[in-house]
Protein chains: 2
Amino acid sequence: MPKTPAPLYEQIRQLIVAALAAGEWRPGDALPSEPALAERFGASTGTVRRALDELAAENLVERRQGSGTFVSTHAEPRQQFRFLRLVADDEAGSFTRELLGCRRLRATAEIARALGLRTSEPVIEVRRLLHRRGRPVVLDELWLPERHFEGLTAEIIEGHPGALYALFEARFGVHMVRAQEKLRAVAATPEAAGLLRVPEGAPLLSVERLAFTYGDRPVELRRGLYHTGADHYRNDLN
Amino acid sequence: MPKTPAPLYEQIRQLIVAALAAGEWRPGDALPSEPALAERFGASTGTVRRALDELAAENLVERRQGSGTFVSTHAEPRQQFRFLRLVADDEAGSFTRELLGCRRLRATAEIARALGLRTSEPVIEVRRLLHRRGRPVVLDELWLPERHFEGLTAEIIEGHPGALYALFEARFGVHMVRAQEKLRAVAATPEAAGLLRVPEGAPLLSVERLAFTYGDRPVELRRGLYHTGADHYRNDLN
DNA sequence: GAGTGGTCTAGACCACGTA
DNA sequence: ACGTGGTCTAGACCACTCA
C-alpha cells in the first residue's frame, strides 16, 4: 500500500523550519508576507497560512495582525521565563540571578547520552541561583555542548541583562524551541542545603530539563533544585 | 471605542460547548456532520470546521476521518490516564488500584474555596493507592462536591473497571475537561510513609489538582503524593 | 457506494499597525 | 493610504470508514 505523502501545508511547514534552522531569518525578524511565501512555495495563501498557523501553535513564530509574522525570540519580555513553571504561591515577586560558576569540563556518560555527544566531549557547565524576595529558591546547573557555545564565560553571562536563553540566541545563534522535563522529589544534599538555606535532607523539587533547538536537536541539559516552600511548580493539563 | 464582536467561529464554538454542558450530546456520541452544523448555525462549513478544530485542540471532541466528530470520553483507552503525568523511568508497567476509603464529610475552608462551595457543604472524600509492579507509588485523596456525585460509594468505585473519570462520566454525567496542578516537594508524614512504604520524612512529590468540567466549573480537588523513586513526573514544554 | 472529515484553492471583505 | 494578518465563504477533490 503506497503511503500518502505528507500534506502540502506540512511540507511547507518543514521547509520553513529548515530555513529557520539555517538562519535565513533570525529571531525577531519578520518572515515574508503570506502572498510572498505562497509565491515562493507555489501554493495558495490559504495553504501557507495553515503552515504558519501550525508554527505559531508550536511557538516557533509569532503572528501580529497588521504587522507581520515574526520569528520567536526569548529576548521578548513575554518569552522571558517561558520554560520556568515555578510561581510564587501569592503570584507576586520576580527573580534575581546570582551566577555561581561557569567552567569547561568533559561530558560524563549521562550528560553525553542526553545531549547526543560522545563521552568526554567538552561541555560548559553553568551554575547559578535564582532568588525571590531575597531568598534563594532555585539552584540551577546546566551543561551545554561546547561546540555550540564556544567561548562562553562567566563574564559574558554577567554582562548580559536578559534571560540565559536570550543570550544563547543573540550570541551563539541557538534558539530553544521546546523542552522536556522530568520532576522528582529529592532530599537536599549538604551543598544544595547550604546554597538554598534549607536543612540538610529537606525535600526539594528536582527538575531535569532537556531543551531542543530547531529540528529536535538537544542542546542543553539542565538540572534545577527548587525550594517549594512559598513557591510551587504550576502545570496546566488538557 | 466599540468592541469587536467575537468571530463567528468562536461564537459557534461556545454554542457547541453550551450544548455539551447541557448534555445534548453525551461523551462518546457523534456530533452532527459539518454540513448539518453549518445549517443549524447558519454559517459555512469552513467556519463550523474552524470551531470544531478548536474544540479538538482543547480535547473536547475527537475527529475521526471518514467516521465523524465525537464527544471526548475518558472511557476510551487512550484517554485513560490523560491527566496522570507519572511515568516509570523505564517507561514500562501499568497501574493497579487499591481503594482505601470513601466517605461523606463537610468541606473545610480550603476545599470549599477551591471548589467554589460554601464552607461545610457536604463533599465526598475518596482515598486510594496506585501500585506499579506491586509497589505503592501514588497516594491519592480527592474531594468531590456531593451535589454532583450523589450516592457515590466505595462499592460503586470498586465495581467499576475503568478510570475514576470514566466512572464520573458514565454515572454522574460529569466530564473532566481540563485541570490545573500545583507541585511541591514535601516530607512524608507518618501515615503517608506507612502507606507508600518509605521512611518517615522521605521526600515525596505533592501534586494538588483542581479539575474542571465544561464551562470552567471546578468539580474535583485532588491531592496526590507520588513516590518518585523509580518513576518521574513528565512534562513537555513548548 | 454513500457519507464523513481532510486538503487545497480563489477571492471578498475586515481589523489592525505603521507611516 | 497602504500592507499586513484575520475572518468567512463556496466549491472541488481526496482519503477514509463502514455497511
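Within every chain, numbering begins at 1; the chains are lettered A, B, ... in the order of the sequence lines, protein sequences first and strands thereafter. Computed over heavy atoms, backbone and side chain alike; hydrogens, waters and symmetry mates excluded.
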Colleague: Using modelled atom types and a 3.5 Å cut-off, is there a donor and acceptor pairing between side-chain atoms of B:Ser72 and backbone atoms of B:Asn59?
Modeller: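 Yes, the answer is positive, given that a donor and an acceptor are paired below the 3.5 Å cut-off.
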Colleague: Using ring centroids (six-membered ring only for Trp), state whether B:Tyr214 and B:His175 fall under 6.0 Å.
Modeller: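 Yes: the rings meet the under 6.0 Å criterion.
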Colleague: Answer yes or no: is there a side-chain heavy-atom contact under 4.5 Å between A:Phe41 and A:Leu8?
Modeller: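 No; the side chains remain at least 4.5 Å from each other.
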Colleague: Picking from A:Arg26, A:Glu169, A:Glu62, A:Gln79, what satisfies side chain to side chain donor-acceptor pair (under 3.5 Å) with A:Thr73?
Modeller: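 Considering A:Arg26, A:Glu169, A:Glu62, A:Gln79, a side chain to side chain donor-acceptor pair (under 3.5 Å) with A:Thr73 is found only for A:Glu169.
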Colleague: Can a donor-acceptor pair be found, under 3.5 Å and without considering hydrogens, that links the side chain of B:Arg97 to the backbone of B:Pro161?
Modeller: yes
Colleague: Once you round to the nearest 0.5 Å, how far does CD of B:Glu98 lie from CG of B:Asp140?
Modeller: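 The distance works out to 12.5 Å.
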Colleague: As an exercise, state the distance from CZ of B:Arg85 to CG of B:Asp236, rounded to the nearest 0.5 Å.
Modeller: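 Separation between the atoms: 7.5 Å.
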Colleague: With heavy atoms of chain A within less than 4.0 Å as the criterion, where does contact along DNA chain D begin and end?
Modeller: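 Range of nucleotides within reach of chain A: D:dG3 to D:dC16.
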Colleague: If you draw a 6.0 Å radius around CZ in A:Arg234, do more than 12 non-hydrogen atoms from other residues or ligands fall strictly inside?
Modeller: yes
Colleague: To the nearest 0.5 angstrom, please state how far the CZ atom of B:Arg132 sits from the CG atom of B:Asp231.
Modeller: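 So the gap between those two atoms works out to 4.5 Å.
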Colleague: Tell me which residues in residues 35-43 of chain A put a heavy atom below 4.0 Å from DNA chain C, sorted by number, or none.
Modeller: A:Ala43
Colleague: Under the side chain to side chain donor-acceptor pair (under 3.5 Å) rule, collect the residues that match up with B:Trp143, sequence neighbours excluded.
Modeller: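 Scan of B:Trp143 (side chain to side chain donor-acceptor pair (under 3.5 Å), adjacent residues dropped) gives B:Glu125.
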Colleague: List in chain and number order the residues that pass side chain to side chain donor-acceptor pair (under 3.5 Å) with B:Gln65, two or more places apart in sequence or in another chain; answer none if no residue qualifies.
Modeller: none
Colleague: Looking across every strand, which nucleic acid part, if any, lies under 4.0 Å from A:Thr69 by heavy atom: base, sugar-phosphate, or nothing?
Modeller: sugar-phosphate
Colleague: Classify B:Arg49 by what it touches in the nucleic acid, base, sugar-phosphate, or nothing, heavy-atom distance under 4.0 Å.
Modeller: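 Here B:Arg49 touches the bases of the nucleic acid.
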Colleague: Can you tabulate the close N/O pairs, meaning under 3.5 Å, that link protein atoms to atoms of nucleotides 1-3 of chain C?
Modeller:
residue : atom : partner : partner atom : Å
C:dG3   : N2   : B:Gly66 : O            : 2.8

Colleague: Do the side chains of A:Val138 and A:Val207 get nearer than 4.5 Å, heavy atoms only?
Modeller: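 Side chain of A:Val207 against side chain of A:Val138, heavy atoms only: no contact under 4.5 Å found.
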Colleague: Is it the case that more than 12 heavy atoms not belonging to A:Arg135 sit under 6.0 Å from its CZ atom?
Modeller: no
Colleague: What residues in residues 6-20 of chain A put a non-hydrogen atom under 4.0 Å from any atom of DNA chain C?
Modeller: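 Result for residues 6-20 of chain A: A:Pro7, A:Leu8, A:Tyr9, sorted by number.
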